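A short write-up of the structure that comes next.
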Amino acid sequence: MDDQNIKELEREQTDNKLINDAFEHLLNSYLASRHRKKVDIVTKAFNFARQAHKGVRRLSGEPYIMHPIAVAQIACEEMGLGSTSICAALLHDVVEDTDYTVEDIQNIFGAKIAQIVEGLTKISGGIFGDKASAQAENFKKLLLTMSDDIRVILIKICDRLHNMRTLESQPANKQYKIAGETLYIYAPLANRLGLNKIKTELEDLSFRYDHPEEYANIEQKLADTEAQRDILFDEFTSPIKEALNKMGVKYTIKERVKSPFSIWNKMQKKHVTFDEIYDILAVRIIFEPNDRLQEINECFNIYVATTQIYKSHPDRLRDWLNHPKANGYQALHCTLMSKQGRWIEVQIRSDRMNEVAEQGLAAHWKYKEGSEEYTEDENELNDWLRTIKEILDDPQPDAMDFLDSIKLNLFASEIFVFTPKGEIKTMPAGCTALDFAFEIHTFLGSHCIGAKVNHKLVPLSHKLNSGDQVEILTSKSQHVLPSWINFVSTAKAKSKIQAILRHDNREIQKKGEEILNEWLKKNGLELTTSILDKLCDFHDLQKHENFFLALGEHTILLGDTDLNELQGKTKPESANKGWRRYVPFFSKDRNKQKETEQTEDKIVVNKEFNKKKPVIINEENISQYIFPDCCHPIPGDDILGYIDNRNHIEIHKRACPVAAKLKSSFGPRIVDAKWDMHHKLFFDATIEIQGIDRKGLLLDVSKVISDQMGVNIHKLTINSDEGIFDGSIEIKVHDRDEVKIIMDKLKGIDSLQEVHQIM
């Protein structure tokens with residue numbers, strides 16, 4: 001036997017041990033769970049999948065079957081699912097990647113497992129392949145299959161979690177795409193299903209690949225401050241433990257440390273440093289109730305005991321016990337003042353509530369005896385599924401609109417609103433009276449003229465608060481108005497208003513088309529695409545539908561000038577129509593010329609372009625890239641490239657909201673981008689300052705920037721009101737590091753309370 005064969009044999013033996021160990025671990029986890037032990041069917045699914053994926057390897061080099069085993073392990077151990085889900089997880093890639101069909105799966109494993117595998121195959125579209133050009137479309141399919149069996153979406157989340165855990169082997173452009181859609185779609189979805197642990201891990205992994213340096217920095221700071229936190233935790237909890245022991249409560253007290261992503265998010269939103277975040281530590285009290293029926297009362301008893309030791313914050317008591325969150329989360333949150341002068345959040349929950357908080361709705365599904373069918377007695381989840389189904393029944397013209405409307409609904413924090421009869425409705429925070437009207441019924445929403453909130457008359461745009469009692473007022477003569485879209489915030493209301501407006505527009509367009517046909521007939525002409533194009537061009541409209549709409553609304557009236565244009569009789573000097581002839585630089589030709597100037601020197605991506613390699617931006621080629629206005633990246637920012645419709649490359653910050661959408665919907669067009677600048681070019685940056693006004697403050701600010709740093713102040717605006725001032729400083733810098741140094745120096749100025757950079 002030669003060396004090559006020996007190596008192959010050794011590799012096969014190593015692979016077999018790896019696979020067998022992983023499957024044994026899965027079986028042990030399943031046997032330790034509370035499910036009925038259907039070991040035979042799980043083993044059968046494993047052997048079938050192993051045979052089907054034989055000889056195939058992942059990018060990391062390990063045998064492909066390790067991925068389905070890992071997904072099944074997450075479904076079993078981290079979600080608490082049973083044999084049907086475990087089998088479906090083991091088989092989830094078989095139909096897509098091998099010659100086996102859904103019928104084969106059905107014949108061998110039965111209809112239920114086959115249905116879930118089919119659902120997973122439908123929504124796959126090759127997450128790691130270039131086939132996934134529109135993740136939004138995949139997401140649509142995901143939600144459609146979800147209404148058949150929710151386990152489809154749960155296994156999909158397990159699949160995504162394992163892909164994120166093994167993302168290291170992917171090239172950078174794929175990492176950004178996958179991390180982007182994870183943060184945009186899967187983490188909020190996991191949150192909505194109550195999978196708190198998985199949501200946190202998905203967010204942290206996305207953050208780690210999108211902003212590696214900032215992630216490492218926060219991890220380091222968490223490690224450096226661990227000893228301080230442990231001391232604070234021990235000192236804070238020891239009197240609580242004494243009190244609970246006296247009460248005879250069976251409990252465990254855990255330290256909850258804020259995740260790196262949550263910390264970073266707060267730093268960005270509140271413009272604070274790591275040291276200024278005070279809620280990094282929280283305390284979790286998990287108890288075993290003496291009587292399951294009394295567990296809410298026992299929560300409050302523990303709360304009373306803690307408030308006798310520490311003063312509680314009056315505005316920070318959150319009762320999720322009597323009003324659980326829509327994802328099933330139940331707990332009592334209070335904030336107490338520690339002896340060290342720090343506010344610390346305490347979360348009180350029973351062991352059952354804790355399981356629901358960690359594993360989501362999966363933790364309290366009821367399975368019927370003799371089968372693994374779940375009974376959908378989770379009303380909140382059903383309401384949510386119903387809303388999503390309604391949005392799906394009215395397909396949006398644009399996949400991105402659809403994604404946005406789903407996002408509106410998935411994750412907003414909730415308020416509780418009452419109907420006139422006292423029924424509770426859970427609504428997203430920030431919703432308006434009009435949102436509430438559409439939530440009750442589409443007819444009510446579309447004919448709504450106002451509302452009474454707590455018996456006072458309010459307009460449609462009035463924002464609701466928790467505890468409001470809302471009565472909707474309607475009129476048959478009321479119709480949906482385009483302006484309504486600006487002040488609704490729920491997905492349901494937005495999608496219904498858009499659907500009604502689209503329907504109304506179609507009617508007006510039909511009328512416009514009839515007007516055009518009659519006018520053409522009168523002038524001996526017939527409707528053709530070329531005539532339509534000429535008229536659209538003449539009236540400066542991009543789309544035929546917009547032209548028909550304008551005709552139907554009578555904002556365009558056809559006359560002799562239109563006829564002259566069609567017959568080629570227009571005089572050249574009147575080519576700039578209407579008011580545009582007095583403002584020649586506004587003409588379309590000028591815009592086209594400007595556009596040409598802007599794009600003629602840009603890089604054009606062709607077939608030879610290697611998307612796996614990063615594009616390097618330096619002083620010589622920076623003008624060949626497009627820098628959109630959405631995020632103004634400067635050297636030092638984490639960036640990526642996006643290949644636009646004209647095959648030019650746009651550069652965005654990785655944290656830019658526009659980039660988040662691009663990553664989740666146009667993954668294959670994302671490329672990695674890196675800076676290679678040498679302090680030759682200047683970039684604009686804006687710093688905002690706030691503080692207490694005093695004499696000489698402005699002088700101190702300009703000294704720091706101009707004298708100490710030698711940086712040019714481009715523009716300085718300061719407003720002062722009743723001794724408080726705020727202002728913005730526009731400066732020219734070489735890179736992000738210079739901005740950080742300037743901000744650190746500004747923070748040292750007496751009276752300056754807040755210094756932050758506008759993103």
Side-chain angles (χ1 to χ4, degrees), residues 71 74-75 78-81 85 89 92 116 119-120 122-125 127 132 134-165 177-207 259 261-262 265 325-329 356-363 365 378 380-392 399-400 402-414 426 428 490-492 660-661 663-665 667:
V71 174
I74 294 167
E78 297 177 50
M79 275 197 197
L81 300 174
S85 303
H92 80 270
I116 298 171
L120 288 159
K122 269 186 204 165
I123 56 181
S124 175
I127 286 294
Q135 268 303 320
E137 289 303 325
N138 278 352
F139 191 52
K140 225 178 222 183
K141 291 179 199 163
L142 180 99
L143 294 168
L144 279 167
T145 52
M146 177 174 162
S147 47
D148 298 330
D149 193 319
I150 192 97
R151 284 172 287 192
V152 172
I153 207 162
L154 291 171
I155 296 165
K156 187 70 210 164
I157 290 170
C158 298
D159 180 37
R160 175 49 57 120
L161 180 57
H162 186 246
N163 283 337
M164 286 301 295
R165 284 173 179 173
K177 163 198 178 300
I178 295 158
E181 66 197 28
T182 298
L183 207 51
Y184 198 72
I185 296 171
Y186 289 94
L189 201 48
N191 182 40
R192 191 56 183 73
L193 293 166
L195 304 162
N196 190 45
K197 231 171 144 185
I198 288 175
K199 176 213 75 156
T200 305
E201 191 179 346
L202 288 173
E203 285 175 344
D204 279 348
L205 287 166
S206 300
F207 173 40
S259 71
F261 175 77
S262 299
N265 218 12
K325 288 188 183 182
N327 60 18
Y329 179 83
V356 171
E358 295 298 326
Q359 294 190 340
L361 290 158
W365 275 331
E378 302 307 333
E380 293 284 11
L381 181 66
N382 284 347
D383 289 346
W384 179 60
L385 288 178
R386 210 171 296 119
T387 304
I388 283 176
K389 250 187 140 19
E390 281 178 20
I391 297 167
L392 290 165
M400 283 317 304
F402 162 78
L403 249 191
D404 285 343
S405 66
I406 287 287
K407 269 191 76 73
L408 283 173
N409 227 63
L410 279 178
F411 345 103
S413 50
E414 293 135 353
T426 306
T490 58
K492 186 174 182 176
K661 289 186 182 186
K663 285 187 279 189
S664 57
S665 277

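Not measured: the values here are computed from a predicted model. All heavy atoms count here, side chains included; hydrogens, waters and symmetry mates do not. By convention here, the first residue in the shown sequence is residue 1.
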| message | Looking at every heavy atom in both R151 and S85, which two are closest together, and how far apart are they? | response | CD-OG, 3.1 Å

| said: Measuring from atom OH of Y186 to atom CD1 of I178, what distance do you get when rounded to the nearest 0.5 angstrom? | reply: 10.5 Å

| field | H92 NE2 to D159 CG distance, which is reported to the nearest 0.5 Å | value | 4.0 Å

| remark: Closest non-hydrogen atoms of A179 and S206, given as atom of the first, atom of the second and distance, are O-OG, 3.3 Å

| field | Residue list, ring-ring contact (aromatic ring centres under 6.0 Å, His included) with F207, at least two apart or on another chain | value | Y215, W264

| Can you find a pair of side-chain heavy atoms, one from E78 and one from L161, that are under 4.5 Å apart? | yes

| What distance separates L202 CG from K197 NZ, expressed to the nearest 0.5 Å? | 13.0 Å

| said: Using salt bridge (Lys or Arg N to Asp or Glu O under 4.0 Å), reason through E181 and K177 one step at a time and then give a plain yes or no. | reply: CA-CA 6 Å; E181 66 197 28; K177 163 198 178 300; 3.5 Å; yes

| field | Nearest heavy-atom neighbours spanning N196 and A357 | value | CB-O, 3.1 Å

| said: Run the side-chain hydrogen bond (donor to acceptor under 3.5 Å, both in side chains) test against T182 and tell me which residues pass, sequence neighbours left out. | reply: R160

| said: Is any side-chain heavy atom of L183 closer than 4.5 Å to one of K663? | reply: no

| Residue list, side-chain hydrogen bond (donor to acceptor under 3.5 Å, both in side chains) with S262, at least two apart or on another chain | S259

| message | With a 4.5 Å cut-off on side-chain heavy atoms, are I74 and I157 touching? | response | no

| field | Within-4.5 Å side-chain heavy-atom neighbours: E201 and M164 | value | no

| query | Going from CG on N265 to CD on E203, what distance comes out if it is rounded to the nearest 0.5 angstrom? | reply | 7.5 Å

| Gap between atom CG of L120 and atom CD1 of I116 - 0.5 Å precision | 7.5 Å

| field | Over all atoms of both residues, closest heavy-atom pair of A187 and K199 | value | O-CG, 3.4 Å

